[in-house]
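Residue numbers start from 1 in every chain, and the chains themselves are labelled A, B, ... in the order their sequence lines are given, proteins ahead of strands. These figures come from a predicted structure and were not determined experimentally.
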Amino acid sequence: MNDFELTTDNGKTLKLIKLKPAFYLRNATTVAKALLGKIFVRKINGEIFAARITETEAYDGRTDPAAHSFIGKTKRNATMFESGGLLYVYFIYGMYYCANVVTGAAGEGSAALLRSMEPLKGIEQMAFNRFKKREVSRTEIKSLLNGPGKLCQALNLTKKENGLNLNGEEIFICREKRPRKFEIVETSRIGINRGTELDWRFYIKDSGFISKP
DNA sequence: ATCAAGATTACCT
DNA sequence: GGTAATCTTGATA
């Protein structure tokens, strides 16, 4: 079942194809850019969440002082050192989680941080996870997934999902059979103190679902 | 044992 | 634009 149809909350049908394992076995920057426009799917308790990835950041374990993995393998960052295609989720600032896609070869320590998405399916449940209510305004829909901490809260990504394989059935990423065209903006990464000279933050131009335009 | 920092967010002026 | 909230981790003693 790598080829299937998904109906969004606004009634549109998307033809989706699950990404192959090889997709993740490339450079962090390559994968981070390639993830833009892809559809993140999470199945939980019989319900499906789906969202279009609109903003990512690359972290390279071998050369990048901003990467968690730069200091070497520890208990916290161990997932980053696995082979590409896993989900790396970590806890930060005492109250938020951030989710990454592990990239490259085993031992490399590279990943792409998922920073923002456009909600497509399961919006009521996402709203409940974020705001404890199911009714959301147009403005609130935009702020459902536009930040790394927010999207983890809305999609219920926690410690439990750390290390999960994206080639499985619970959480995975798809491409559309007929992908939309878009331009990619490359800027410096947000919220870090080192490696700020690298333009390794990527987002879809004019998306409207971005943490900081 | 203690401690500072952190890939953030919400709410304030 | 500023800052409080909140706690795990990794480093140092």
Task: Phe128(A) six-ring centre to Lys132(A) NZ/CZ under 6.0 Å and within 45° of normal - done: yes
Please tabulate, one pair per line, all N/O donor-acceptor pairs under 3.5 Å involving side-chain atoms of residues 23-30 of chain A, not counting sequence neighbours.
residue  : atom : partner  : partner atom : Å
Arg26(A) : NE   : Phe23(A) : O            : 3.0
Arg26(A) : NH2  : Phe23(A) : O            : 3.3

TODO: Identify the 5'-most and 3'-most nucleotides of DNA chain C with at least one atom closer than 4.0 Å to a non-hydrogen atom of chain A.
DONE: dA5(C) to dG10(C)
Task: Spacing of the P atoms in dA7(B) and dG1(C) (rounded, Å) - done: 22 Å
Open item on the list: Please report the interatomic distance CZ(Arg201(A)) to OG1(Thr196(A)), rounded to the nearest 0.5 Å.
Closed with: 14.0 Å
Open item on the list: Strictly under 4.0 angstrom, non-hydrogen atoms only: write out the protein contact profile of nucleotides 3-13 of chain B, one letter per nucleotide from the 5' end, B, S or -.
Closed with: ---BBBBS---
- [ ] Indicate yes or no: does Glu176(A) engage Arg52(A) in a salt bridge with an N to O separation below 4.0 Å.
- [x] yes
Task: Working for side-chain hydrogen bond (donor to acceptor under 3.5 Å, both in side chains), residues Asn146(A) and Lys142(A) - done: CA-CA 7 Å; Asn146(A) 68 336; Lys142(A) 296 218 172 206; over 6 Å; no
- [ ] Measure from the side-chain N and O atoms of Arg175(A) to the backbone N and O of Leu19(A), and report whether any donor-acceptor pair falls under 3.5 Å.
- [x] no
Task: Arg130(A) bridged to Glu140(A) by N-O distance under 4.0 Å - done: no
Task: Per-nucleotide pairing state of DNA chain C [Watson-Crick or G-U, under 3.5 Å; [ ] pseudoknot-crossing; | other strand] - done: |||||.||||||.
May I have the list of side-chain donor-acceptor pairs in residues 36-46 of chain A shorter than 3.5 Å, sequence neighbours left out?
residue  : atom : partner   : partner atom : Å
Lys38(A) : NZ   : Ala34(A)  : O            : 2.8
Arg42(A) : NH1  : Leu155(A) : O            : 3.0
Arg42(A) : NH1  : Asn156(A) : O            : 2.5
Arg42(A) : NH2  : Glu161(A) : OE2          : 3.2

Return a table of donor-acceptor pairs under 3.5 angstrom between the side chains of residues 83-104 of chain A and protein atoms on other chains or two or more places apart.
residue   : atom : partner  : partner atom : Å
Tyr88(A)  : OH   : His68(A) : ND1          : 2.9
Asn100(A) : ND2  : Tyr88(A) : O            : 3.2

Open item on the list: Looking at Lys18(A) and Glu169(A), is any side-chain nitrogen of the basic one under 4.0 Å from a carboxylate oxygen of the acidic one?
Closed with: yes
